[in-house]
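Step one of this worksheet: look at the structure below.
This chain uses plain numbering: 1 for the first residue, then up along the sequence.
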Amino acid sequence: QVQLVESGGGLVQAGGSLRLSCAASRNIFIFNVMGWYRQAPGKQRELVASVTRAGVANYADSVKGRFTISRDNAKNMVYLEMNNLTPEDAAVYYCNTRTVDVNAWGQGTQVTVSS
């Protein structure tokens with residue numbers, strides 16, 4: 001198993017930026033895909049971005065061009081750089097990885113965007 005701990009959320013004005021971090025308790029090189037999800041009140045959890053071991057990233061259409069996901073396999077860290085935030089980006093953001101044997105989630109970090 002692996003434990004994931006998110007940090008970096010907070011309150012930001014619309015148009016502002018935040019950088020989320022996800023710290024893993026073990027070597028993430030063994031996990032091909034690491035992802036960031038978010039869940040807003042009353043909405044389903046949705047995939048925001050994912051990145052493979054090789055660094056290939058995938059983004060939800062709503063965040064393309066504004067968010068950047070990255071991973072540092074040596075430090076067991078995953079990051080989400082978020083720019084030009086809008087109130088629609090407000091949510092709890094979760095780090096995730098899954099394999100056949102593992103489906104790990106962090107506790108989430110709250111992102112609030114004021115208009």
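Between the side chain of Asn76 and the backbone N or O of Ile28 there is at least one donor-acceptor pair closer than 3.5 Å. Between the side chain of Ser50 and the backbone N or O of Gly35 there is no donor-acceptor pair closer than 3.5 Å. Asn58 places no side-chain N or O within 3.5 Å of a backbone atom of Val51 that could act as its donor or acceptor partner.
Applying the salt bridge (Lys or Arg N to Asp or Glu O under 4.0 Å) test to every pair with at least one member in residues 103-115, sequence neighbours left out, gives no pairs at all. Within the structure, the ring-ring contact (aromatic ring centres under 6.0 Å, His included) test picks out no pair touching residues 12-34 (sequence neighbours left out). Among pairs with a residue in residues 76-114, those fulfilling ring-ring contact (aromatic ring centres under 6.0 Å, His included) read Tyr37-Trp105, at least two apart in sequence or across chains. The disulfide bond (SG atoms under 2.5 Å apart) analysis of residues 23-115, with sequence neighbours excluded, yields the pairs Cys22-Cys95. For residues 47-63, the salt bridge (Lys or Arg N to Asp or Glu O under 4.0 Å) pairs, not counting sequence neighbours, are Asp61-Lys64. Judged as a salt bridge (Lys or Arg N to Asp or Glu O under 4.0 Å), not a single pair has a partner in residues 96-114 (not counting sequence neighbours). For residues 5-16, no residue pair satisfies the salt bridge (Lys or Arg N to Asp or Glu O under 4.0 Å) rule, not counting sequence neighbours.
In this structure Asp89 satisfies the side chain to side chain donor-acceptor pair (under 3.5 Å) test together with Arg38, Arg66, Thr86, sequence neighbours excluded. With sequence neighbours left out, the side chain to side chain donor-acceptor pair (under 3.5 Å) criterion links Arg45 to Gln39. Annotation: side chain to side chain donor-acceptor pair (under 3.5 Å) contacts of Glu81 (sequence neighbours excluded): none. Considering only residues two or more places apart in sequence or on other chains, Asn73 meets the side chain to side chain donor-acceptor pair (under 3.5 Å) condition with Arg71. With sequence neighbours excluded, the residues that form a side chain to side chain contact (heavy atoms under 4.5 Å, CB included) with Thr112 are Leu11, Gln110.
Proximity of Met34 to Asn96: side-chain heavy atoms (C-beta onward) are nowhere separated by under 4.5 Å. Counting heavy atoms from C-beta outward, Ser25 and Val2 have side chains that approach closer than 4.5 Å. Taking 4.5 Å as the limit, every side-chain heavy atom of Asn32 sits out of range of all side-chain heavy atoms of Thr97. With a 4.5 Å cut-off on side-chain heavy atoms, Ile69 and Val78 count as touching. A 4.5 Å side-chain heavy-atom check between Leu20 and Trp36 finds at least one atom pair inside the cut-off. Using a 4.5 Å cut-off on side-chain heavy atoms (C-beta onward), Leu85 and Leu18 make contact.
Within a 6.0 Å sphere centred on CD of Gln1, heavy atoms belonging to other residues, nucleotides or ligands number more than 12.
Cluster annotation: Val92 and Leu47 are assigned to the same hydrophobic cluster (Ile/Leu/Val/Met/Phe/Trp/Tyr, side-chain heavy-atom contacts under 4.5 Å, transitive). The hydrophobic clustering, which links ILVMFWY residues whose side-chain heavy atoms are closer than 4.5 Å, places Val33 and Leu4 apart.
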Practice task
Could you walk me through whether Glu88 and Ser62 pass side chain to side chain contact (heavy atoms under 4.5 Å, CB included), step by step?
Solution key: CA-CA 9 Å; Glu88 288 69 35; Ser62 60; over 6 Å; no
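A donor-acceptor pair shorter than 3.5 Å can be found between the side chains of Asn83 and Ser17.
Taking each heavy atom of Pro87 and Ser115 in turn, the nearest pair found is CG-CB, 3.9 Å.
Taken from CZ in Arg19 to OG in Ser7, the straight-line distance is 9.5 Å, to the nearest 0.5 Å.
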